[in-house]
Amino acid sequence: PGRYWRYQELSAAVFDLFRAVTPLVEGISLDEAFLDVTGARRLLGDGTTIARHLREQVLAELGLTCSVGVAPRKLTAKLASEAAKPVASLAGPIPGPGVVEVTAADELVFLHAHPIRALWGVGPATGRRLDQLGIRTVGDLAAAPVEALTAALGNHQGRHLHDLAWARDERPVLAAVRAKSIGHEETFAQDHHGLDTLGPELVRLADGVASRLRRAGLAGRTVTVKVRYADFRTITRSVTLREALDGGQALVEAARPLLAGIDPGEGVRLLGVSVSGMVEETSRQLSLDELLGGGGSGGPSSGGPEAASGSETRPPEVVAAAWSEATRAMDEIRDRFGDAMIGPASTAKRGPKRRGDTQWGPDGS
């Protein structure tokens with residue numbers, strides 16, 4: 001079984017070594033980051049020297065190997081890091097060079113030799129359209145008339161990919177990028193065909209998302225439910241609320257009507273819940289309607305997160321206010337005794353949705 005807590009622990013240690021070199025560290029996953037070392041070169045040497053030093057430090061202090069790409073921009077640095085990795089074989093891994101540098105003079109030659117799928121933004125559908133045009137490498141893409149690309153892919157994507165093919169990508173390394181969304185999703189071993197079985201899964205996902213929102217000191221206004229059917233057709237439904245939420249019960253109240261509007265009869269293979277429209281968590285002032293008890297009697301006693309979908313629906317903002325004390329108490333218990341010690345009743349059999357369990361946003365990918 002995976003040990004996500006251990007991956008996080010080692011990831012934090014690796015990133016501490018990165019930040020000892022430069023404050024400009026942009027993490028893109030637990031085990032991958034961009035570093036802008038422009039300001040460190042006078043003290044620590046050129047990019048390749050810094051890369052080799054970092055590899056030695058990571059190995060000596062943490063017992064881990066890493067691969068580093070050095071290049072003038074993020075696009076080619078990413079590809080260079082791929083080229084530096086070991087290669088799998090039937091006889092076992094074949095060691096890679098560890099560090100690969102791509103200089104400005106060699107950048108286009110290096111880039112153009114890659115298959116088209118190596119570029120950011122080229123997925124299966126875009127790849128098929130480019131293949132129909134006879135474009136199979138980045139070099140083919142660079143040589144293609146931009147008019148043909150915009151006709152096949154649309155103006156924005158066609159010009160964007162043409163620019164990437166010529167290494168025109170000036171995106172900076174951004175440290176401490178705020179998460180745009182936080183979510184959980186789960187692919188089921190058996191398809192769900194009814195809301196009666198999907199409801200508890202929705203509660204479990206919402207509880208996990210809300211817990212991570214609070215730990216990150218964030219709240220969000222837009223709630224999205226994602227459903228993927230057995231034939232891999234995927235649909236999403238969203239609602240934007242008046243106020244940002246970070247409570248599990250409030251998130252369930254916002255997500256439940258979205259799920260109710262989706263027909264699960266064909267068989268739901270995957271269910272996801274996410275929150276976007278982020279703001280930093282702040283103290284919340286109740287509206288007059290909430291103070292007077294508008295939108296329902298409120299409070300945990302009026303129905304838990306697994307209340308029947310036919311019961312009176314209360315605005316999520318009202319639910320958030322009513323459950324604020326219970327939510328704080330639950331966080332304190334989880335922080336002290338672990339996530340599995342308390343949660344919505346409908347999650348009791350399977351346990352809470354844990355960090356690292358098909359998630360994105362802070363602490364995820």
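Between Tyr229 and Asp263, the closest heavy-atom pair is OH-O, 2.7 Å. Here the closest heavy-atom approach between residue Glu32 and residue Ser81 is recorded as OE2-OG, 4.4 Å. Taking all atoms of both residues into account, the shortest heavy-atom contact from Val279 to Ala244 is CG2-CB, 3.5 Å. Taking every heavy atom of both residues into account, Leu218 and Asp246 meet most closely at O-CB, 3.6 Å. Heavy-atom minimum distance, Val252 versus Ala206: CG2-CB, 3.6 Å. Minimum interatomic distance between Gly45 and Ile50 (heavy atoms only, all atoms of both residues): O-CD1, 3.4 Å.
No continuous path of ILVMFWY side-chain contacts below 4.5 Å connects Val109 to Leu141, so the two sit in separate hydrophobic clusters. One hydrophobic cluster, built from ILVMFWY side chains closer than 4.5 Å, cannot hold both Val25 and Val173; they sit in different ones. Under a hydrophobic clustering in which Ile, Leu, Val, Met, Phe, Trp and Tyr are joined whenever their side-chain heavy atoms come within less than 4.5 Å, directly or via other members, Leu24 and Leu44 fall into different clusters. Cluster membership check: Val225 shares its hydrophobic cluster with Val239, using side-chain heavy-atom separations under 4.5 Å among Ile, Leu, Val, Met, Phe, Trp and Tyr. There is no path of hydrophobic side-chain contacts, each under 4.5 Å, that joins Phe188 to Phe232.
With a 4.5 Å cut-off on side-chain heavy atoms, Val273 and Leu202 count as touching. The side-chain heavy atoms of Thr187 and Arg228, taken from C-beta on, include no pair separated by under 4.5 Å. A heavy-atom distance below 4.5 Å is not found between the side chains of Val14 and Asp31. In this structure, Pro264 and Leu195 have side chains that are in contact, with non-hydrogen atoms separated by less than 4.5 Å.
A donor-acceptor pair under 3.5 Å is absent between the side-chain atoms of Ser211 and the main chain of Gly208, judged by distance alone. Judged by distance alone, the side chain of His112 and the main-chain N or O of Val138 form no donor-acceptor pair under 3.5 Å. At distances below 3.5 Å, at least one donor-acceptor pair connects side-chain atoms of Asp140 with backbone N or O atoms of Thr137. The closest donor-acceptor contact from the side chain of Ser11 to the backbone of Tyr7 lies at 3.5 Å or more, if one exists at all. Between the side chain of Arg221 and the backbone N or O of Thr240 there is no donor-acceptor pair closer than 3.5 Å. Between the side chain of Thr22 and the main chain of Val37, no donor-acceptor pair closer than 3.5 Å is present.
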*Apply side-chain contact (heavy atoms from CB on, under 4.5 Å) to the pair Leu164 and Asp169, showing each step before the final yes or no.*
CA-CA 6 Å; Leu164 291 184; Asp169 177 28; 3.7 Å; yes
*asked:* One pair to check against side-chain contact (heavy atoms from CB on, under 4.5 Å): Arg41 and Thr49. What are the steps and the verdict?
replied: CA-CA 9 Å; Arg41 289 183 298 181; Thr49 301; over 6 Å; no
*asked:* Quick one, Glu185 with Leu205, criterion side-chain contact (heavy atoms from CB on, under 4.5 Å). Give me CA distance, side-chain angles, the key distance, then yes/no.
replied: CA-CA 7 Å; Glu185 61 186 30; Leu205 292 165; 5.5 Å; no
_Between Leu79 and His114, is the side-chain contact (heavy atoms from CB on, under 4.5 Å) condition met? List the steps._
CA-CA 9 Å; Leu79 296 176; His114 281 78; 4.0 Å; yes
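Heavy-atom contacts from other residues, nucleotides or ligands closer than 6.0 Å to CD of Glu9 number more than 12. In Arg42, the CZ atom is not crowded: 12 or fewer heavy atoms of neighbouring residues, nucleotides or ligands sit closer than 6.0 Å.
Within the model, atoms CG of Asp207 and CD of Gln249 stand 10.5 Å from one another, a figure rounded to the nearest 0.5 Å. Rounding to the nearest 0.5 Å gives a distance of 13.0 Å between NE2 of His184 and CD of Glu201. Taking CD1 of Ile182 as the reference point, atom CZ of Arg215 lies at 11.5 Å (rounded to 0.5 Å). Residue Thr234 holds its OG1 atom at 7.5 Å from CG of Leu270, rounded to the nearest 0.5 Å.
Of the charged side-chain nitrogens involved, at least one lies within less than 4.0 Å of a carboxylate oxygen, so that Glu82 and Lys78 count as a salt-bridged pair. Of the charged side-chain nitrogens involved, at least one lies within less than 4.0 Å of a carboxylate oxygen, so that Asp191 and Arg269 count as a salt-bridged pair.
Aromatic ring pairs are classed by plane angle as parallel below 30°, tilted from 30° to 60° and perpendicular above 60°; the pair Phe15 and Phe18 is tilted.
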Expected list for residues 89-106: side-chain donor-acceptor pairs under 3.5 angstrom, two or more places apart:
| from | atom 1 | to | atom 2 | distance (Å) |
| --- | --- | --- | --- | --- |
| Ser89 | OG | Ala91 | N | 3.3 |
| Ser89 | OG | Gly92 | N | 3.3 |
| Ser89 | OG | Gly92 | O | 2.4 |
| Glu101 | OE1 | Thr48 | OG1 | 2.8 |
| Thr103 | OG1 | Asp106 | N | 3.3 |
| Thr103 | OG1 | Asp106 | OD2 | 3.2 |

Side-chain donor-acceptor pairs under 3.5 Å in residues 116-134, sequence neighbours left out?
| from | atom 1 | to | atom 2 | distance (Å) |
| --- | --- | --- | --- | --- |
| Thr126 | OG1 | Gln157 | NE2 | 3.2 |
| Asp131 | OD1 | Arg136 | NE | 3.1 |

Got a list of side-chain donor-acceptor pairs under 3.5 Å for residues 63-76, not counting sequence neighbours?
| from | atom 1 | to | atom 2 | distance (Å) |
| --- | --- | --- | --- | --- |
| Arg73 | NE | Glu107 | OE1 | 3.3 |
| Arg73 | NE | Glu107 | OE2 | 2.7 |
| Arg73 | NE | Ala167 | O | 3.3 |
| Arg73 | NH1 | Ala167 | O | 3.4 |
| Arg73 | NH1 | Glu170 | OE2 | 2.8 |
| Arg73 | NH2 | Glu107 | OE1 | 3.1 |
| Lys74 | NZ | Glu26 | OE1 | 2.9 |
| Lys74 | NZ | Glu26 | OE2 | 3.4 |
| Lys74 | NZ | Pro172 | O | 3.1 |
| Thr76 | OG1 | Arg73 | O | 3.4 |
| Thr76 | OG1 | Glu107 | OE2 | 2.7 |

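For the side-chain contact (heavy atoms from CB on, under 4.5 Å) criterion with Val227, the lone passing option out of Leu258, Leu271, Leu198 is Leu271.
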